[in-house]
J.: 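Here it is: the structure, laid out below.
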Amino acid sequence: MSTNIRSQSPRKAESVSVNGKNIYYEIYGEGKPLFLLHGYTQSSNSWKPYVKDYEKEYEVYLVDLAGHGKSEPFKQDLNIRSVAEDLNSLIKYLKLEKIKAIGFSFGGDVLYQLALINPTLIECMITIGAVGTWTILDFPEYLEAFTFENRTNFPWLKTSHDGDEHIKAIMDQFKNYIVKLSDKELQNIKPEVLIMIGDDDEGMSLNEVVRVKENLPNSDLWILPNVSHGAHEGETREEFIIKSKTFLSKR
């Protein structure tokens, strides 16, 4: 994970109460709204190095999804659709009728749910290491590794969240990370989707990627060779920026 966070200040930053939860967001730049959504255990900090790449063309929204970052800790069991409903309520609060979006991992799964909850909201979206269906039950080794007791192995936790209680709630809820999209639900997703996957992403089943591509009515698939889960980071970052901006500008 990149720690090279640019020191720019947001144009606006606040926590608002939606659906009985406090959700934090920041706004940068000007233009059409572009939401950048982080992965599970991360926060909006993970997208800050990318703000400079989009802020001249877009009004960039960084959101700490429910339970993460400066949003309040989980008080209920993790439910991806519920997280998407909170995001939808935030967008209604912001009085935005159309958005574009990029979601990494958890953030991508949330976007698929958001596209079903509010079918006319998203013009186009990019999902990275996410196809809207994933279950922790297939990866017991992840549950063994991602524990509160092992938190020092994941240095971004301390800089992304407000204290050990917050971190513990995130790690404890990982066991509830289960989300499933049926073929029919995929066929009802309206936005144009760029599915971005690293071919070395051990958490992604290529069979599932193919199923999603076959059922999404308006989608492109970009598989990057020799790349793992964070396919937008590291050596592929610049290529990702170029291709993402081209894709987003089509709509």
J.: Which distance, rounded to the nearest 0.5 Å, do you find between the CD1 of I23 and the CG of L87?
T.: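 Going from CD1 on I23 over to CG on L87, the span is 8.5 Å.
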J.: Take the angle between the ring planes of Y40 and F174 and call it parallel below 30°, perpendicular above 60°, tilted in between.
T.: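 Because their plane-to-plane angle is under 30°, the rings of Y40 and F174 count as parallel.
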J.: Looking only at the aromatic ring of each residue, does the gap between the centers of F104 and H232 stay below 6.0 angstrom?
T.: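 Yes, the ring of H232 comes within the 6.0 Å limit of the ring of F104, centre to centre.
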J.: Carefully, step by step, assess H229 and S105 under the rule side chain to side chain contact (heavy atoms under 4.5 Å, CB included).
T.: CA-CA 8 Å; H229 194 48; S105 195; 2.8 Å; yes
J.: Answer yes or no: are there more than 12 heavy-atom neighbours, outside D162 itself, under 6.0 Å from its atom CG?
T.: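 Check fails, neighbour count at 12 or below.
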J.: When the ring centroid of F247 is compared with that of W222, is the distance short of 6.0 Å?
T.: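 F247 vs W222: aromatic centres not under 6.0 Å.
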J.: Are E185 and N188 close enough that a side-chain donor and a side-chain acceptor fall under 3.5 Å?
T.: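 Absent: no donor and acceptor within the cut-off.
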J.: Just how far is it from atom CG of L224 to atom CZ of F240, taken to the nearest 0.5 Å?
T.: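 If I round to the nearest 0.5 Å, the distance is 10.5 Å.
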J.: Go through Y112 and T127 one step at a time and tell me if the side chain to side chain donor-acceptor pair (under 3.5 Å) criterion holds.
T.: CA-CA 9 Å; Y112 285 108; T127 62; 3.0 Å; yes
J.: For T133 and L181, indicate whether the former's side chain and the latter's backbone hold a donor-acceptor pair under 3.5 Å.
T.: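 Flag set: sc T133 to bb L181 pair under 3.5 Å.
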J.: Shortest non-hydrogen contact from G198 to A231?
T.: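 The pair with the smallest heavy-atom distance is N-CB, 4.1 Å.
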J.: What distance separates E202 CD from F139 CZ, expressed to the nearest 0.5 Å?
T.: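 So the gap between those two atoms works out to 7.5 Å.
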J.: Between K98 and T120, is there a donor-acceptor pair closer than 3.5 Å when you use the side chain of the first and the backbone of the second?
T.: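 Answer holds: yes.
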J.: Just checking Q76: does its CD atom have more than 12 heavy atoms from other residues, nucleotides or ligands closer to it than 6.0 angstrom?
T.: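 Incorrect, the count does not exceed 12.
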J.: For the pair S249 (side chain) and K245 (backbone), establish whether a donor and an acceptor sit closer than 3.5 Å, ignoring hydrogens and angles.
T.: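 Yes, S249 side chain to K245 backbone: donor-acceptor pair under 3.5 Å.
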J.: Do any N or O atoms from the side chain of T236 and from the backbone of E239 form a donor-acceptor pair under 3.5 angstrom?
T.: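 A pair under 3.5 Å: no.
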J.: Could you go through the side chain to side chain contact (heavy atoms under 4.5 Å, CB included) check for R151 and D164 one step at a time?
T.: CA-CA 9 Å; R151 63 192 180 280; D164 281 352; 3.7 Å; yes
J.: When you check the gap from the basic side-chain N to the acidic O, do E26 and K12 get nearer than 4.0 Å?
T.: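 Looking at K12 together with E26, the answer is no, because their closest N to O distance does not fall below 4.0 Å.
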J.: Would you sort out whether N176 and Q173 count as a side chain to side chain donor-acceptor pair (under 3.5 Å), showing the intermediate values?
T.: CA-CA 6 Å; N176 294 315; Q173 286 303 318; 2.8 Å; yes
J.: Taking NZ in K92 as the centre, count heavy atoms belonging to other residues, nucleotides or ligands within less than 6.0 Å. Is the count above 12?
T.: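 Not buried by this count: 12 neighbours or fewer within 6.0 Å.
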J.: Assess whether side chain to side chain contact (heavy atoms under 4.5 Å, CB included) is satisfied between I91 and L114, documenting all intermediate values.
T.: CA-CA 11 Å; I91 291 168; L114 180 62; 4.1 Å; yes
J.: Could you tell me whether the side chain of D200 reaches within less than 4.5 Å of the side chain of V227, counting heavy atoms only?
T.: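 No, every pair of side-chain atoms sits at 4.5 Å or beyond.
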J.: Would K75 and E72 count as a salt bridge (charged side-chain N to carboxylate O under 4.0 Å, His left out) here? Give the steps.
T.: CA-CA 8 Å; K75 293 180 179 177; E72 70 176 89; 3.1 Å; yes
J.: Are side-chain heavy atoms of I189 and L216 found at a separation under 4.5 Å?
T.: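 I189 reaches L216 side chain to side chain.
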J.: If you round to the nearest 0.5 Å, how far is CG of D183 from CG of N215?
T.: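 That separation rounds to 4.0 Å.
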J.: Compute whether any side-chain donor of one residue and acceptor of the other, for W156 and S46, lie under 3.5 angstrom apart.
T.: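 Judged by distance alone, the side chains do not pair up.
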J.: Are the side chains of F106 and V83 in touch, meaning some heavy atoms are under 4.5 Å apart?
T.: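 In short, these two side chains touch, coming nearer than 4.5 Å.
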J.: Tell me yes or no: between the side chains of S44 and Y61, is some donor less than 3.5 Å from an acceptor?
T.: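 Not at all, the side chains of S44 and Y61 share no donor-acceptor pair under 3.5 Å.
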J.: Would you name the heavy atoms of D86 and A66 that are closest together and state the gap between them?
T.: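 Answer, listing the atom of D86 first, then A66: OD2-CB, 3.7 Å.
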J.: Quick check: do C124 and L248 have side-chain heavy atoms less than 4.5 Å from each other?
T.: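 When only atoms from C-beta onward are counted, L248 and C124 do touch, with a gap below 4.5 Å.
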J.: Got a sec: does the NZ of K184 have more than 12 other heavy atoms crowding it under 6.0 Å?
T.: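 Check fails, neighbour count at 12 or below.
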J.: Mind listing the closest non-hydrogen atom pair of L90 and Y25 along with its distance?
T.: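 Closest pair (atom of L90, atom of Y25, distance): CD1-CD2, 3.8 Å.
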J.: Count the heavy atoms of every other residue, nucleotide or ligand shown that sit under 6.0 Å from CD of E141, and state whether that count exceeds 12.
T.: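 Result for CD/E141: enclosed.
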J.: Determine whether K21 and S82 satisfy the following criterion, side chain to side chain contact (heavy atoms under 4.5 Å, CB included), listing intermediate values before the conclusion.
T.: CA-CA 11 Å; K21 306 164 193 170; S82 176; 3.3 Å; yes
J.: With sequence neighbours excluded, tell me which residues meet side chain to side chain contact (heavy atoms under 4.5 Å, CB included) with K158.
T.: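 With neighbours one apart ignored, the set is empty.
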J.: Yes or no on salt bridge (charged side-chain N to carboxylate O under 4.0 Å, His left out) for E59 and K32, after CA distance, side-chain angles and deciding distance?
T.: CA-CA 6 Å; E59 185 174 66; K32 289 187 175 182; over 6 Å; no
J.: Under 4.0 Å between a side-chain nitrogen and a carboxylate oxygen: does that hold for E30 and R11?
T.: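 No, no charged N to carboxylate O under 4.0 Å.
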J.: Could you check whether H68 and S160, counting side-chain N and O atoms only, form a donor-acceptor pair closer than 3.5 Å?
T.: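 The answer is no; no qualifying pair exists.
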J.: Could you tell me if the side chain of V131 sits less than 4.5 Å from the side chain of I195, heavy atoms only?
T.: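 With C-beta onward as the side chain, the pair touches.
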J.: Looking at K168 and D172, is any side-chain nitrogen of the basic one under 4.0 Å from a carboxylate oxygen of the acidic one?
T.: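 Answer for the salt bridge query: yes.
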J.: Under a 4.0 Å N-O cut-off, is there an ion pair linking D220 with K213?
T.: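 Salt bridge: no.
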J.: Can you name the nearest heavy-atom pair linking L111 to M125, along with the distance?
T.: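 Heavy atoms of L111 and M125 come nearest at CB-SD, 3.9 Å.
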J.: Could you give me the CA-CA distance, side-chain angles and deciding distance for Y54 and S244, then say whether side chain to side chain donor-acceptor pair (under 3.5 Å) is met?
T.: CA-CA 10 Å; Y54 299 104; S244 66; 2.7 Å; yes
J.: Can any side-chain N or O of N45 pair as donor or acceptor with the backbone N or O of T159 at less than 3.5 Å?
T.: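 Judged by distance alone, yes, a pair lies under 3.5 Å.
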J.: Can you measure from CG (N88) to CZ (R81) and round to the nearest 0.5 angstrom?
T.: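 It comes to 9.5 Å.
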J.: I'd like to know if the side chain of W47 reaches the main chain of L62, judged simply by a donor and an acceptor atom lying under 3.5 Å from each other, with no hydrogens or angles considered.
T.: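 No.
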J.: Describe, in one word, how the ring planes of H161 and H166 are oriented to each other, choosing from parallel (under 30°), tilted (30 to 60°) and perpendicular (over 60°).
T.: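 Aromatic pair H161/H166 classed tilted.
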J.: Would you call R211-E208 a salt bridge at under 4.0 Å N-O?
T.: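 Judged by the 4.0 Å cut-off on N to carboxylate O distance, R211 and E208 do form a salt bridge.
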J.: Is NZ or CZ of R237 both nearer than 6.0 Å to the six-membered ring centre of Y50 and within 45° of the ring axis?
T.: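 Relative to the ring axis of Y50, which defines the angle, R237 lies inside both limits.
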J.: Of the non-hydrogen atoms in I80 and I178, which two are nearest, and what is the gap between them?
T.: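 Minimum heavy-atom separation between I80 and I178: CG1-O, 4.5 Å.
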J.: Can any side-chain N or O of D201 pair as donor or acceptor with the backbone N or O of S228 at less than 3.5 Å?
T.: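 Judged by distance alone, no pair lies under 3.5 Å.
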J.: Do V60 and F35 have side chains that get closer than 4.5 Å, going by heavy atoms?
T.: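 Contact flag for V60/F35 side chains = no.
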J.: Do the side chain of D64 and the main chain of S43 share a donor and acceptor less than 3.5 angstrom apart?
T.: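 Answer holds: no.
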J.: Taking C-beta and beyond as the side chain, do I128 and M196 meet within less than 4.5 Å on heavy atoms?
T.: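 They are in contact (side-chain heavy atoms under 4.5 Å apart), so the answer is yes.
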J.: Which heavy atom of Y142 sits nearest a heavy atom of I136, and at what distance?
T.: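 Nearest heavy atoms, Y142 then I136: CB-CD1, 3.8 Å.
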J.: Mind checking whether N150 and N153 have side chains closer than 4.5 Å, heavy atoms only?
T.: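 Yes, their side chains come closer than 4.5 Å.
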